[in-house]
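Predicted, not measured: the structure shown is a model, and the values here were computed from it.
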Amino acid sequence: MTAPHWTLLTVEYDSPERARTVERSVRPEIGAIDGDRTTATLDRDGETVEVRVTADDLVALRAGINTWLTLLSVAEESDRAATEQF
């Protein structure tokens, strides 16, 4: 799909391990939640995770951005809860 609209979500973490955990948590969603109007790619380099969302129109882009921000947030919170010391 050649989409005229796109955005790049770039998130930097405090360690490569945390970035890897978040990346591995959301990677299964690549391709699984793409619709007819939106796709996403995922890359990680060290402490940085990038999600590129492309869409046919702005409404689909907004929905894709919201979806990926939510997925990243859930992965971050899950990792935090799993590593939090009691």
Connected via hydrophobic side-chain network under 4.5 Å: Val74 and Val51: no
Check: Arg27 side chain, Glu29 main-chain N or O, donor-acceptor pair, under 3.5 Å: no
Would a 4.5 Å heavy-atom cut-off, applied to side chains only, mark Glu76 and Tyr13 as touching? yes
Heavy-atom side-chain contact between Val53 and Thr38 under 4.5 Å: yes
Heavy-atom pair of closest approach, residues Asp56 and Asp36: OD2-O, 3.7 Å
Shortest non-hydrogen contact from Glu47 to Asp14? OE2-O, 3.9 Å
Just jot down the side chain to side chain contact (heavy atoms under 4.5 Å, CB included) partners of Asp79, sequence neighbours excluded, or say none. Arg18, Thr21, Thr83
Compare all side-chain heavy atoms of Thr48 with those of Val11 and state whether any distance is below 4.5 angstrom. no
Would you name the heavy atoms of Leu71 and Val26 that are closest together and state the gap between them? O-CG1, 3.6 Å
Spatial distance of atom CZ (Arg37) from atom CG (Leu58) [nearest 0.5 Å]: 10.5 Å
Gap separating the CZ atom of Arg62 from the OG1 atom of Thr67, nearest 0.5 angstrom: 10.5 Å
Return the minimal non-hydrogen interatomic distance between Ile30 and Thr41, and the atom names on each side. CD1-C, 3.9 Å
Given 3.5 Å as the limit, does a donor-acceptor pair link the side chain of Asp57 with the main chain of Ala60, or not? yes
When you measure from the side chain of Thr70 to the backbone of Asn66, do you find a donor-acceptor pair of N or O atoms at a distance under 3.5 Å? yes
Mind checking whether Glu23 and Asp43 have side chains closer than 4.5 Å, heavy atoms only? no
Residue pair Trp68 / Leu9: nearest heavy atoms and the distance that separates them: CB-CD1, 4.0 Å
What are the two closest non-hydrogen atoms of Ser25 and Ala75, and how far apart are they? CB-CB, 3.8 Å
With side chains defined as the heavy atoms from C-beta onward, is the minimum distance between Leu8 and Glu50 less than 4.5 Å? yes
Show, in sequence, the C-alpha distance, side-chain angles and deciding distance for Arg80 and Glu77, and conclude whether the salt bridge (charged side-chain N to carboxylate O under 4.0 Å, His left out) test is met. CA-CA 5 Å; Arg80 183 192 58 74; Glu77 286 299 312; 2.9 Å; yes
Leu69 side, atom CG; Ile65 side, atom CD1 - distance, nearest 0.5 Å: 7.0 Å
